Number of protein chains: 2
Amino acid sequence: MISPPSYRSHPSPFESGLRSDGKRMTPQRKKVLSLFEEIGSGIHLSAEEVHSKLTISGEKVSLATIYRTLRLLVKMTFLNELDLSEGGNRFELLSHDHPDHHHLICIRCGRTEEFENNNVINAGKEAATNFGFKLLESSLNVRALCPKCSNK
Amino acid sequence: MISPPSYRSHPSPFESGLRSDGKRMTPQRKKVLSLFEEIGSGIHLSAEEVHSKLTISGEKVSLATIYRTLRLLVKMTFLNELDLSEGGNRFELLSHDHPDHHHLICIRCGRTEEFENNNVINAGKEAATNFGFKLLESSLNVRALCPKCSNK
DNA sequence: CCTTTTGTTGCGAGCTGTTCTCATTACGCT
DNA sequence: AGCGTAATGAGAACAGCTCGCAACAAAAGG
């Protein structure tokens, strides 16, 4: 009987997170997370966009599985879910360097920029405290017109 | 033939706003706006809730008309639209005393509290300026657990 | 190894919130 | 009062998302 290599192959944080919860790593899950990692943080994809990007690059993962995986990844804090509304929720890689960033959205073309601001975070904390709520997450959405769209 | 009273009845701001745009005042529109005025500002209703409240009080306005009217009232800045997600958008009377308030939402039971904070408004302005965007509106949504829901 | 257990997938049906279509109604101007 | 046109109601259509279930596949156990 062949023994395993003397070094343990390190499972990714994703995989070990799954394992510790009785869940399994699957090719589909790997593909979805990889996609987000490849495109980097700060880019927001809808479930539909994830689906078509995977389909285009030859991988086929059903839409239902994508929805399930996105929810899972959000729960595991690998992804962040944005409710920018207008055509479905969007997801982005949650970068732990910039945990609490906010969004500036052009309502006409959809261009989205991110920014951070401690005052906003504190405002959320303060409001939660005042009402006896336990804060989970706060997100500031600034609806605006980008330079291109505002002069036409 | 009976002539109208000698004084001109003053059209409401709503009515004159409509008129000036070639639009018409209708009983349905009046009912929807009245409902919001009766319940006061700071209460958020979904389209469905508006529909059932009207239905219960004997008025019948079709759901399609309610959606159309809500959109219209938002455009005319009588109502404010909130994207709190989870079961549809909600609408509230836009009080001009508290133009830029934000929301603290219990994600479990839906209880919603409002607060104001100038730092948030400024953060939005600042971000828009930095990216050359023209600010329209900013809304901070704080997702949290209310006291009741957080201890169970 | 082969079997059992159990988590996962894919597909299509179903659901919810919202918009659209279109025939009919009715507001408001003269 | 009559006319032009905006607005309504009813239901179909739609988008985004979830669900149920049979087939599948990865661990676990004999």
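Just so it is clear, the model here is predicted, and its values are computed rather than measured.
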Comparing Thr65(B) with Gly22(B), nearest DNA chain D nucleotide closer to 5' gives the residue Gly22(B)
Pull out every protein N or O sitting under 3.5 Å from an N or O of nucleotides 26-30 of chain D, one pair per line with the distance.
none

If the condition is salt bridge (Lys or Arg N to Asp or Glu O under 4.0 Å), which residues does Glu92(B) pass it with, not counting sequence neighbours? none
Contacts of Glu113(A) that satisfy salt bridge (Lys or Arg N to Asp or Glu O under 4.0 Å) - sequence neighbours left out: Arg111(A)
Strictly under 3.5 Å: I want the nitrogen or oxygen pairs between protein and nucleotides 14-20 of chain D, one per line.
residue: dC17(D); atom: OP1; partner: Asn89(A); partner atom: N; Å: 3.0
residue: dC17(D); atom: OP2; partner: Tyr67(A); partner atom: OH; Å: 2.6
residue: dC17(D); atom: O5'; partner: Tyr67(A); partner atom: OH; Å: 3.4

Between [N] ([atom2]) and [X] ([atom1]): distance, integer Å:
X: Asp21(B); N: dG28(C); atom1: CG; atom2: C1'; answer: 15 Å
X: Leu72(B); N: dT8(D); atom1: CG; atom2: P; answer: 9 Å
X: Leu33(A); N: dT8(C); atom1: CG; atom2: C1'; answer: 17 Å
X: Gln28(A); N: dT8(C); atom1: CD; atom2: C1'; answer: 8 Å
X: Phe14(B); N: dA7(D); atom1: CZ; atom2: C1'; answer: 12 Å
X: Lys60(A); N: dT8(C); atom1: NZ; atom2: P; answer: 21 Å
X: Leu70(B); N: dG17(C); atom1: CG; atom2: P; answer: 14 Å
X: Glu59(A); N: dG10(C); atom1: CD; atom2: P; answer: 11 Å

Path from Phe115(B) to Ile121(A) over hydrophobic side-chain contacts below 4.5 Å: no
Look at the side-chain heavy atoms of Ile, Leu, Val, Met, Phe, Trp and Tyr, link any pair under 4.5 Å apart, and say whether Ile105(B) and Phe131(A) land in one connected group. no
Is any side-chain N or O of Thr26(B) closer than 4.0 Å to OP1 or OP2 of dA26(C)? no
Summary of ring pair (Phe, Tyr, Trp, His ring centres under 6.0 Å) pairs that have at least one residue in residues 12-31 of chain A, sequence neighbours excluded: Phe14(A)-Phe78(A)
Where at least one partner belongs to residues 17-40 of chain A, residue pairs that pass ring pair (Phe, Tyr, Trp, His ring centres under 6.0 Å), sequence neighbours excluded: none
With sequence neighbours excluded, give me every salt bridge (Lys or Arg N to Asp or Glu O under 4.0 Å) pair touching residues 49-63 of chain A. Lys31(A)-Glu59(A), Glu49(A)-Arg90(A)
Atom pairs and distances, side-chain donor-acceptor, residues 18-27 of chain A, under 3.5 Å, sequence neighbours left out:
residue: Arg19(A); atom: NH1; partner: Glu15(A); partner atom: OE2; Å: 3.3
residue: Arg19(A); atom: NH2; partner: Glu15(A); partner atom: OE2; Å: 2.9
residue: Ser20(A); atom: OG; partner: Ser16(A); partner atom: O; Å: 3.4
residue: Ser20(A); atom: OG; partner: Gly17(A); partner atom: O; Å: 3.0
residue: Thr26(A); atom: OG1; partner: Arg29(A); partner atom: N; Å: 3.2

To the nearest 10°, give me the bend of the helix from dC1(C)-dG30(D) to dT30(C)-dA1(D), comparing the axes of its five terminal pairs at either end. 30°
Which pairs of donor and acceptor atoms, one on a side chain in residues 63-74 of chain B, lie under 3.5 Å apart (sequence neighbours left out)?
residue: Thr65(B); atom: OG1; partner: Ser62(B); partner atom: OG; Å: 3.2
residue: Thr65(B); atom: OG1; partner: Arg68(B); partner atom: NH2; Å: 3.4
residue: Thr69(B); atom: OG1; partner: Thr65(B); partner atom: O; Å: 2.7

In chain order, what residues pass the side chain to side chain contact (heavy atoms under 4.5 Å, CB included) check against Leu135(A), with sequence neighbours excluded? Ala128(A), Val142(B)
Applying ring-ring contact (aromatic ring centres under 6.0 Å, His included), can you list everything that pairs with His103(B), at least two apart in sequence or on another chain? His44(B), His101(B)
